[in-house]
Trainee: 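I have a structure here, written as structure tokens, and I will follow up with some questions on it.
Hydrogens, waters and symmetry mates are skipped; everything else that's a heavy atom, side chains included, is used.
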Amino acid sequence: MMKKSIINSVISGLCLASTSVLANVEVGVRFVVDDALINNWRSEETIRDELERWILETNTMLSDSNIAMSLYSAETVMSNMAADSDESVIFNNMRREINGFNNLENRADEIGADYTIAVVPSLDNGLTGDDRQAYCGIANTVSRNMDEINAVDFMDSTVIVDYDCSTDTFAHELGHVFGLSHGAQVAEALGSTSHNSSYHAYSKGWGRIVSQASVGDSFEDEVRDDGEFGTIMVGNYLQYWSRRNATTFVGIFSNPDVVDIACGENGSAGPCGNALLGNAARSIRDFRTNFAAHATPDVHTLNYSDSNLRACISQTYPYTPGSSLYDINRITSISCTASDIGSIDGLEGITGLHSTIVRPTPGGWPVVEAPFVDLSDNRIVNLDALYQLSPDSTINLQGNNVASCHQLDELEQTHTNLIRPDRCLNIAALISTLALI
């Protein structure tokens with residue numbers, strides 16, 4: 001949980017120790033935004049642009065942390081939420097799918113949103129007077145077991161963020177559902193071991209306290225000392241001993257392999273983490289495929305450039321709430337014949353078409369199931385979307401007499417089960433002819 005204050009991140013010239021190269025994993029995020037944020041000086045477009053900036057800046061943080069994972073915006077929707085800033089009420093509304101959160105879980109599953117973020121105008125603990133405490137953000141949980149890491153309970157993939165608190169709070173709260181806690185420095189500053197509770201002993205933020213006047217929430221007597229810093233998960237709790245000096249916030253997830261002057265002392269560079277007690281980057285890397293597997297998009301939700309292709313796929317594989325049968329990784333055949341399709345851009349996103357499945361049988365002879373794609377009798381020219389299909393795929397392009405001859409020749413070399421049209425379009429020759437006219 002982060003308390004109300006805007007965090008400025010300053011980090012430059014990161015030096016990373018050599019590590020093995022890992023394949024990047026993409027994690028989908030869905031924003032549900034309180035439409036009360038829209039006013040005379042802040043349009044819906046402004047809000048959407050700001051949330052895209054959150055994604056881009058968090059991806060920079062992940063990259064600077066040497067984590068092979070990136071976020072993408074699965075969807076942003078404006079919603080008429082009940083005017084309430086109490087975090088417990090908002091989470092309850094999300095769980096019950098009421099007051100602006102209708103169909104929350106099914107929609108996340110349909111579009112492949114691994115995490116759902118409620119974006120609100122204000123956030124607090126629901127108390128009044130001196131007991132009221134404003135927050136920048138709060139995660140439903142700090143994931144401490146595999147059920148929570150895998151979001152078996154959908155609510156374990158949910159976060160609330162105050163819009164004004166921006167990227168750093170968004171990244172910090174995601175860190176909690178990734179299994180990260182604030183870390184030893186925050187626990188020491190506040191005199192509470194709860195800030196040290198995380199998935200692994202090293203799944204924590206990291207920083208340095210040079211000196212501290214007193215333990216607890218009061219920071220009026222604290223001053224910033226040279227050499228103090230905190231990474232993303234330390235967050236604005238750093239204010240208790242640094243007075244929120246921007247140079248003390250290091251905008252990465254703790255990683256001892258990242259060495260930077262911002263994490264050092266006396267002008268010398270130092271590690272921005274600790275292998276045993278502050279290696280949030282390792283923790284995220286270990287579980288990044290779990291985070292990306294919370295939800296997989298249904299095939300009808302992909303962005304197809306041709307409306308006729310979209311209509312055919314939507315009719316063949318209609319939305320079925322609560323079902324994973326039509327997830328993009330489960331689709332192994334497409335049949336859209338004589339549908340007046342001119343472009344197949346977007347088809348490459350159906351990952352079930354990318355591989356051949358070999359299934360064992362009781363008799364010992366495996367069954368090979370290769371993708372089947374029938375696009376016959378259309379008017380498809382560009383075949384780029386077919387290159388990623390499994391080489392064992394059967395691809396029927398009969399009747400597409402305007403298909404690129406060059407691309408057909410290339411595909412035939414890699415996809416031996418390609419069924420060509422009787423004629424094709426020699427685009428290079430056509431361009432040469434037109435140049436002479």
Trainee: For the pair T231 (side chain) and W206 (backbone), establish whether a donor and an acceptor sit closer than 3.5 Å, ignoring hydrogens and angles.
Mentor: yes
Trainee: Quick one: do the D86 and S88 side chains pair a donor with an acceptor below 3.5 Å?
Mentor: yes
Trainee: Test your reading of the model: is there a side-chain donor-acceptor pair from H182 to the backbone of V186, 3.5 Å cut-off?
Mentor: no
Trainee: Indicate yes or no for a side-chain donor-acceptor contact from N150 to the backbone of V152 under 3.5 Å, with no hydrogens or angles considered.
Mentor: no
Trainee: Are Y115 and F170 close enough that their ring centers fall under 6.0 Å?
Mentor: no
Trainee: Keeping the roles fixed (side chain from S198, backbone from S203), state whether a donor-acceptor pair exists under 3.5 Å.
Mentor: yes
Trainee: side-chain contact (heavy atoms from CB on, under 4.5 Å) for N93 and M81? Distances and angles first, verdict last.
Mentor: CA-CA 9 Å; N93 289 344; M81 299 181 191; over 6 Å; no
Trainee: Checking V159 against V177 for the side-chain contact (heavy atoms from CB on, under 4.5 Å) test, could you report, in this order, the C-alpha distance in whole Å, the side-chain angles of both residues, the deciding distance, and whether it holds?
Mentor: CA-CA 8 Å; V159 161; V177 288; 4.2 Å; yes
Trainee: Using a strict cut-off of less than 4.0 Å between a Lys/Arg side-chain nitrogen and an Asp/Glu carboxylate oxygen, indicate whether E44 and R48 qualify as a salt bridge.
Mentor: yes
Trainee: Would you call D114 and R288 a salt bridge, taking side-chain N to carboxylate O under 4.0 Å as the test?
Mentor: no
Trainee: For the CD1 atom of I138 and the CZ atom of F91, what is their distance to the nearest 0.5 Å?
Mentor: 5.5 Å
Trainee: Compute whether any side-chain donor of one residue and acceptor of the other, for E57 and T167, lie under 3.5 angstrom apart.
Mentor: yes
Trainee: What is the distance from atom CD of E105 to atom CZ of R107, rounded to the nearest 0.5 Å?
Mentor: 14.0 Å
Trainee: Looking only at atom types and distance, does a side-chain atom of N378 sit under 3.5 Å from a main-chain N or O of C336, one as donor and one as acceptor?
Mentor: yes
Trainee: Say whether, by atom type as modelled, one donor and one acceptor occur between the side chain of T320 and the main chain of S323 under 3.5 angstrom.
Mentor: no
Trainee: Can a side-chain donor-acceptor contact be found between S192 and S194 if the only test is distance below 3.5 angstrom?
Mentor: yes
Trainee: Test your reading of the model: is there a side-chain donor-acceptor pair from T414 to the backbone of L411, 3.5 Å cut-off?
Mentor: yes
Trainee: Name all residues meeting the side chain to side chain contact (heavy atoms under 4.5 Å, CB included) criterion together with L56; count only those two or more places apart in sequence or in a different chain, and write none if there are none.
Mentor: none
Trainee: Does one side chain, of S43 or T46, offer a donor that lies under 3.5 Å from an acceptor on the other?
Mentor: yes
Trainee: Among residues at least two apart in sequence or on other chains, which ones pass side chain to side chain contact (heavy atoms under 4.5 Å, CB included) with S305?
Mentor: S343, D345
Trainee: Nearest 0.5 angstrom please: T58 OG1 to I232 CD1, how far?
Mentor: 7.5 Å
Trainee: Hey, could you give me the CG/NE2 distance between L383 and H406, rounded to the nearest 0.5 Å?
Mentor: 10.5 Å
Trainee: Measuring centre to centre across the rings, with the benzene-like ring taken for any Trp, is Y199 within less than 6.0 Å of F287?
Mentor: yes
Trainee: Please work out which of the three classes, parallel, tilted or perpendicular, describes the rings of H200 and Y202, given edges at 30° and 60°.
Mentor: parallel
Trainee: Please, which pairs that meet salt bridge (Lys or Arg N to Asp or Glu O under 4.0 Å) have at least one residue in residues 308-333, sequence neighbours excluded?
Mentor: none
Trainee: From Q315 CD over to S339 OG, what is the distance, rounded to the nearest 0.5 angstrom?
Mentor: 8.0 Å
Trainee: Are the side chain of D260 and the backbone of C263 linked by a donor-acceptor contact shorter than 3.5 Å?
Mentor: no
Trainee: Between the main-chain N or O of S65 and the side-chain N or O of N255, is there a donor-acceptor pair closer than 3.5 Å?
Mentor: yes
Trainee: Do F178 and F291 have their ring centres less than 6.0 Å from each other?
Mentor: yes
Trainee: Between E110 and P297, is there a side-chain heavy-atom distance shorter than 4.5 Å?
Mentor: no
Trainee: Relative to each other, are the rings of Y319 and H300 parallel, tilted or perpendicular (30° and 60° limits)?
Mentor: tilted
Trainee: Do the non-hydrogen side-chain atoms of V29 and I117 ever get within less than 4.5 Å of each other?
Mentor: yes
Trainee: Under a 3.5 Å cutoff, is there a donor and acceptor pairing between the side chains of T76 and R30?
Mentor: no
Trainee: Looking at V234, is its backbone amide N or carbonyl O close enough to the side chain of H195 to form a donor-acceptor pair, meaning the two atoms are under 3.5 Å apart?
Mentor: no
Trainee: Could you grab the distance from atom CG of L127 to atom CG of N125, nearest 0.5 Å is fine?
Mentor: 4.0 Å
Trainee: Run the side-chain contact (heavy atoms from CB on, under 4.5 Å) test on D298 and I111 for me, step by step, so that the C-alpha distance in whole Å, both residues' side-chain angles and the decisive distance to 0.1 Å come before the verdict.
Mentor: CA-CA 6 Å; D298 287 3; I111 64 174; over 6 Å; no
